[in-house]
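Here the structure is laid out as structure tokens; the discussion comes afterwards.
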Amino acid sequence: MKYISEYRDARLVRVVIEEITHTVTRPWVIMEICGGQTHSIMKYGLDQLLPIGLELVHGPGCPVCVTSLEMIDKSLAIAAKPDIIFTSYGDMLRVPGSTGDLFSIRASGADVRVVYSSLDAIKIAQDNPQKQVVFFAIGFETTAPANAMSVMQAQKLGLKNFSLLVSHVRVPPAMHAILGSPQNRVQGFLAAGHVCSVMGFWEYEPIAEKYQVPVVVTGFEPLDISQGILQVVRLLERGTHQVQNAYSRVVSFEGNQPAQKMINLVFEECDQKWRGIGVIPSSGWRLKPEFQFFDAAERFQVQNISPVESPLCIAGKILQGLNKPIQCPAFASQCTPEHPLGATMVSSEGACAAYYRYGRTS
Ligand code: SF4
């Protein structure tokens, strides 16, 4: 198929859903890892077309949602300092911290700017040598290569006024954490196609083997997602736990090796705190010691932060597939996109935002 419209063809999707219905013989719980997939599922009503007993739960693959509250509070503290230009992806501006968000800091006079990539922030740093320019480097494996490249670029240009507030997260350790939890319900995964376009899917084979779960690399259009579900269901029904690729038009086994090389050049693995979930071992990337000069948290000394999360928010449980947004007592009442209590209600990939936007009440 050549055109995106073909991956949204309702007739083709229905054929795959019928095949799923014929294949399923018992209840299964499948997690779509990425928030982009969650939004597609809600938008096209795919979950409502599935046979009874086949349940989709929503995973932690929304970078805005899992960026720790502590890191949000650090971003607010840095952005509020004088002579700083704080740059970020747009989604992060509305994420609630303990005492406000980046929008409220901007409203009180701080220079907070939305950019599309860290390389835009480099340009701002070149144009404003009298100011310190900080980029909020959040995200999964997808954004890490460009952020690593910006560090290399800043070094090459000799920029002394550019730094990153780094909060990168990695998918495979999160899968380990979910599957290793005594409360785990997930029996199969739709892996996030865009993450795999960078990293390949070689990292998933030991996970599938260890926990005996099938993993299918899946895209984002309704036909991609239906096909991914069908492949997971077939593997579950057969009792096998392979890793398969249902997104071969984009993803290869080994992934984008120059991008992986760039990540490994600049970053090293570290334990990382995930919002609402806690610390997951080796689940993050931080700057290597030789690039510490570009670490905004060090440069601006915002190390001692004591974040305060809303006691009503159950986003951590939602991101582990243990609850659905509508099970949160604050959903659509105290917590709305206009007055969010948690990041999953404001992110364009957040599960609570998807349920709210598409009017889901069940
Ligand atoms: S509805 Fe709001 S308070 Fe409830 S889990 Fe989602 S973000 Fe948190």
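In listed order, ligands and their atoms are each counted from 1. The first residue of the sequence shown is numbered 1, and numbering continues consecutively from there.
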Given Thr67, Thr87, Val166, the one that forms side chain to side chain contact (heavy atoms under 4.5 Å, CB included) with Phe136 |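 Exactly one pass, corresponding to Thr67.
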* Asked: Between Lys123 and Asp127, is the closest basic N to carboxylate O distance under 4.0 Å?
  -> yes
*Do Arg275 and Glu70 sit within salt-bridge range, that is, some charged N less than 4.0 Å from a carboxylate O?*
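Salt bridge: no.
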Note on atom 6 (Fe) of ligand 1: protein N/O/S atoms within less than 2.8 Å are Cys352 SG
Determine, stepwise, if the pair Arg8 / Glu221 fulfils salt bridge (Lys or Arg N to Asp or Glu O under 4.0 Å). CA-CA 6 Å; Arg8 295 176 183 169; Glu221 298 302 330; 2.5 Å; yes
**Message:** Could you check, using the six-membered ring where one of them is a Trp, whether Tyr89 and Phe135 have ring centers closer than 6.0 angstrom?
**Reply:** yes
Check your understanding: Parallel, tilted or perpendicular: which describes the rings of Phe267 and Trp285, with under 30° parallel and over 60° perpendicular?
Key ->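 If you compare the ring of Phe267 with that of Trp285, the planes turn out parallel.
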